[in-house]
Each structure stands twice: as C-alpha cells, then as structure tokens.
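Just follow the structure's listing: the first ligand is 1, and inside any ligand the first atom is 1.
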Amino acid sequence: MGSNIVVLGAGVSGLTTALTLAKNGGHKITIIAKHMPGDYDIEYASPWAGANSLPVAKQGTPSQGYERATWPELEKLARDVPEAGIHFQDTRVYRRTKDANSPVGDWFAELVKEDPWFKDLLPNFRKVTGSELPTGMDGASAFTSVCINTALYLPYLTSQCLKHGVVVRRGIVEHITEAASLHHSGKPADLIVNCTGLSSLRLGGVEDKNLYPGRGQIVIVRNDPGVMASTSGTDDGPDEAVYIMQRAAGGGTILGGCLQKDKWESQPDPSLANRIMKRAVELCPQLVPEGKGAEGLSVIRHGVGLRPMRNGGIRIERETITGPDGRKVAVVHNYGHGGYGYQTSFGCSQAAEKLVNEALQQKAKL
Ligand code: FAD
C-alpha cells in the first residue's frame, strides 16, 4: 500500500531522497520546502555548489561509503542522461606540502594523497609529475570526474520526483513535527524525512548545535578553463582555496573559493572576489586570451553559499520527536552534508531509505 511520507527540504538531499523513496517504495510522498529549485537564497545551499565530485571522505568513515555509492549514479547520469546537466571533466588536483594543516589542507587531505582510496573508483587515475606540475606545486593527480550544472540538475531531480508521483509544495515549519500535518492526502504523515541542511541548527525539535556554516564565495564566468582544477591551498590565507570547474550545457565556469568557518555573511566580498579571479587565472592561464589577466574574465555573477558543515559528519539517523502539542512523530534525518552534498547524495539517500523502511516496519508492528 505504501505509507504517507513528508520530505522536508528541496535541496539536493531532499530531492534525491524523495526520488529514491518514490522509485523503490511505492510510498505517497509530499516534499515541503521554503526554497525550491530556481530560488537563490543564503538559506539554500544547493544552487551555489559547483558542483563536482572530488572525494574527500576519510577512509573507513560512513561518508566514504556514501561517496562510493554515489559515483556510479553520477557516472550513469553523465553518460546516459544528457537532460540531467552533468558532464565528464578531465580533473587535476594540485598539492602543496605547506598546506598540510590549514583548514583547506585538511578538507583536501584525502583528495591529495598519492595513493587515495578512490583511485580505483574514479576513472583514469594517475599521478602527475615533472613538467606537468605548475610552479609552486609539490604533487598532483589527474582523473576523470563530473561537473553538475545545478541550475539544470535540481529542476531535473524535481521533474523526476513529479514523474514518480511525488507532490511538491511550498511550506515553512517552525517545529519539525508540524510537517506531519502537511501531507497532500490531508492525513497525518507516517514519517518525516528531515533534509533541511544548515537550518536544522534552529529547526524546532532538532536544534543540532553540531552544525555550522562553511561560507563559500564564487565567481561564475563565461570563460572556458579546458580542465577542472583545484589546489590544496593558497598564499592568501588558510581558509582560501582555488577551484575551477565548467558546468555542463552552457552553465558557465565556477571559480572558487573559500571555506570560512562560522561566517554567515550573505553578500560577496569584492576583494575576495578579486583574489579568486586572480588565482584562477594564475593556475589556469588558458581561461583568458594570451597576455590578459583577470580583466580577461567575462563575469556572469558573484555568489555566496553556506555549506552545511557538521561536527561528527553527515547525520543519517532516526528518532521519534515529540511536538509542543505532545504528538509523537517518526523522523529520519539526512542533513549536514558540508561541501559534499552532491557527491554523497545517492549514498545518503539509500542509507536514509533503509532507516525509513525500518521505522515504518516497526510502526506497523505496534
Ligand atoms: P539545502 O540545499 O540547503 O536545502 C535545504 C532545504 O530545506 C531547502 O529547500 C530549504 O528551503 C528547506 N528548509 C530549511 N528549513 C526549512 C523549514 N523550516 N521549513 C521548510 N523548509 C525548510 N557539494 C558537492 O558535492 N560538490 C561540490 O562541488 C560542492 N561545491 C559547493 C560549493 C559551494 C560554494 C557551496 C556553498 C556548497 C558546495 N557543495 C558541494 C555542498 C552542497 O551544496 C551541499 O552539501 C548541499 O547543497 C546540501 O544540500 P541540502 O539539500 O542538504 O541543503
């Protein structure tokens, strides 16, 4: 028969989870969200992501499993589903030894290893040496990954949800248990899946103090870099980074960035934007016509997004939460995806689906 489920949130986590449940479980699903694909808002991380898949999970952690399970799905979309807006990219990751203990260096620690766990997962992995290394770099690896045009992919996921019978509605809840009254059937939901990202810091009934923002600032340009490139750090500060990726299907090239812990500022910082553009052209001179510097970049727009970082990593757990009115609601959480929400999206949704099925079976026995 299927159960009544409300998925709270329409970022990459909510949409992928709703789609996974709708495809496999035959449930009746409503997505409720304050922000939807098409919106650009500081409370909505998903549109701001690059987005690419550069594995950063430490070996042996649940996140490693989520990244491992997600890659084949992204690869399939890039190969077989052009309308998803995902394409393959030649990728270079550069390492500077001096970045080892900086915040960006820590973030990239697994990625820049000479012998990383993902070398047999992502295609064409090889070490880059000698004359292929730009000045100042101590090592590098090359492999094939993907870049996702989030302006196409989020609507694609929404369309897939609609195709599989999911009902999508706007709504804002103060306390998570309120979502149980918002199922499209008019009946109380049997379960809520919480995919509210960084907002779970303040959402009533959750208020997870392990969450914090990892601010990312980007510049989107029309120029073609020819390669997807990142470095383990910069000389402009320990929380600044260089990454360059061209989105599929005319989505522009994303220049990043930074990982600023606990910074909530929604407006782009113009001097940081200048540093981002200058560093991108230094690393990837083919971005601009010969002899031109950053003034050779054709800017589409500047942007800021807040990565939903979480001490302890992504939270995929189930619990029963009691509302202010005393009502008890079964909840499965899937939030706290930091800077890796796309590259873990399918693995996380599969893990959440398992907990949803466990919770529903337990409920049926009562
Ligand atoms: P969000 O996208 O923030 O969505 C949250 C949803 O919950 C929204 O729909 C919101 O409206 C809704 N919501 C919240 N509170 C309520 C409420 N009370 N009531 C109703 N609705 C509510 N990841 C990668 O994998 N690869 C990358 O290359 C990459 N690059 C990034 C670059 C930048 C600059 C940034 C900022 C992030 C990047 N990320 C990347 C990370 C990725 O964007 C996030 O991990 C991911 O988008 C989180 O998705 P989410 O669905 O959990 O949260």
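Scanning the protein for heavy atoms near atom 16 (C) of ligand 1, the closest one is Thr196 CG2, 3.9 Å. The nearest protein atom to atom 50 (P) of ligand 1, hydrogens excluded, is given as Ser13 OG, 3.3 Å; this is a heavy-atom distance. For atom 31 (C) of ligand 1, the closest heavy atom belonging to the protein is Ala49 CA, 3.4 Å. Of the protein's non-hydrogen atoms, the one nearest atom 5 (C) of ligand 1 is Cys195 O, 3.7 Å. At the shortest separation from atom 35 (C) of ligand 1 among protein heavy atoms lies Arg307 CG, 3.7 Å. At the top of the distance list for atom 26 (N) of ligand 1, counting protein heavy atoms only, stands Asn52 O, 2.9 Å. Given atom 7 (O) of ligand 1, the protein heavy atom at minimum distance is Gly9 CA, 3.3 Å. Nearest to atom 30 (N) of ligand 1 among the protein's heavy atoms is Gly50 N, 3.4 Å.
Ion pairing of Lys58 with Asp106 is absent here, as no side-chain N (NZ or NE/NH1/NH2) approaches a carboxylate O to less than 4.0 Å. A salt bridge links Arg315 to Glu317: at least one charged side-chain nitrogen sits closer than 4.0 Å to a carboxylate oxygen. Between Glu240 and Arg275 a salt bridge is recorded (basic side-chain N to carboxylate O distance below 4.0 Å).
At least one N or O atom of Ala10 sits closer than 3.5 Å to an N or O atom of ligand 1. By the 3.5 Å distance cut-off applied to N or O atoms, Leu306 is not counted among the residues near ligand 1. Residue Gly216 places no N or O, backbone or side chain, under 3.5 Å from any N or O of ligand 1. At under 3.5 Å, a nitrogen or oxygen of His35, whether backbone or side chain, sits near a nitrogen or oxygen of ligand 1. At least one N/O-N/O distance between Lys34 and ligand 1 falls below 3.5 Å. The shortest N or O to N or O distance between Tyr44 and ligand 1 is not below 3.5 Å. Residue Pro308 places no N or O, backbone or side chain, under 3.5 Å from any N or O of ligand 1.
Cation-pi geometry between Lys34 and Tyr44 is not met: the NZ or CZ atom fails to fall both under 6.0 Å from the ring centre and inside 45° of the normal.
A donor and an acceptor atom, one from each side chain of Thr17 and Asn334, are located under 3.5 Å apart. Thr144 and Asn124 share a donor-acceptor pair across their side chains, judged by distance under 3.5 Å alone. A donor-acceptor pair shorter than 3.5 Å can be found between the side chains of Ser200 and Asn194.
With a 4.0 Å cut-off on non-hydrogen atoms, Asn334 does not touch ligand 1 at all. Residue-level proximity to ligand 1 for Ser199 is carried by the side chain, the only part with a heavy atom below 4.0 angstrom. Of the heavy atoms in Ser53, none comes closer than 4.0 Å to ligand 1.
Considering Ala45, Gly171, Gly305 only, the shortest heavy-atom separation from atom 20 (C) of ligand 1 involves Gly171. Taking only non-hydrogen atoms, the option from Ile32, Val173, Ile148, Ile254 nearest to atom 17 (C) of ligand 1 is Val173. Which of Gly338, Gly197, Ser46 comes nearest to atom 44 (C) of ligand 1 through a heavy atom is settled by distance: it is Gly338.
Close approach of ligand 1 to Tyr243 (heavy-atom distance below 4.0 Å) involves ligand atoms 32 (C), 34 (C). Residue His337 has at least one heavy-atom neighbour below 4.0 Å for each of these atoms of ligand 1: 45 (O), 52 (O). Atoms of ligand 1 found under 4.0 Å from any heavy atom of Leu203, numbered from 1 in the order shown, are 18 (N). Close approach of ligand 1 to Ala33 is summarised as follows: ligand atoms under 4.0 Å from at least one heavy atom of the residue are 9 (O), 21 (N). Heavy-atom contacts of Val12 reach the following atoms of ligand 1: 46 (C), 47 (O), 49 (O), 51 (O) (cutoff under 4.0 Å). Close contacts of ligand 1 with Ile172, meaning ligand atoms under 4.0 Å from a residue heavy atom, involve 19 (N), 20 (C).
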Q | CA sep, side-chain torsions, deciding dist, call: Glu114, Lys127, salt bridge (charged side-chain N to carboxylate O under 4.0 Å, His left out) | A | CA-CA 7 Å; Glu114 297 216 335; Lys127 260 166 54 178; 3.2 Å; yes

Q: Under the side-chain hydrogen bond (donor to acceptor under 3.5 Å, both in side chains) rule, what do Thr150 and Arg247 come out as? Steps first, then yes or no, please.
A: CA-CA 8 Å; Thr150 63; Arg247 284 176 169 176; 3.1 Å; yes

Q. Going through the checks in order, is the side-chain hydrogen bond (donor to acceptor under 3.5 Å, both in side chains) test met by Asn24 and Glu353?
A. CA-CA 9 Å; Asn24 302 341; Glu353 180 187 32; 3.1 Å; yes

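Taking 4.5 Å as the limit, some side-chain heavy atom of Leu191 sits within range of a side-chain heavy atom of Leu360. Side-chain atoms of Tyr156 and Glu83, non-hydrogen and from C-beta on, do get closer than 4.5 Å to each other. Between Thr16 and Leu157, the closest side-chain pair of non-hydrogen atoms falls below 4.5 Å.
Ring-plane geometry between Trp107 and Tyr243 is classed as perpendicular, the angle between the planes exceeding 60 degrees on a 0 to 90 degree scale with a lower cut at 30.
Distances shorter than 4.0 angstrom occur between a heavy atom of Tyr340 and an atom of ligand 1. Ligand 1 lies within reach of Gly339, whose nearest heavy atom is under 4.0 Å from it.
Side-chain rings of Tyr40 and Trp48 approach one another, their centers coming within less than 6.0 Å. Aromatic rings of Phe118 and Phe143 (six-membered ring for Trp) have centroids within the 6.0 Å cut-off, being under it.
Judged purely by atom type and a 3.5 angstrom limit, Asp80 has no side-chain atom pairing as donor or acceptor with the backbone of Leu77.
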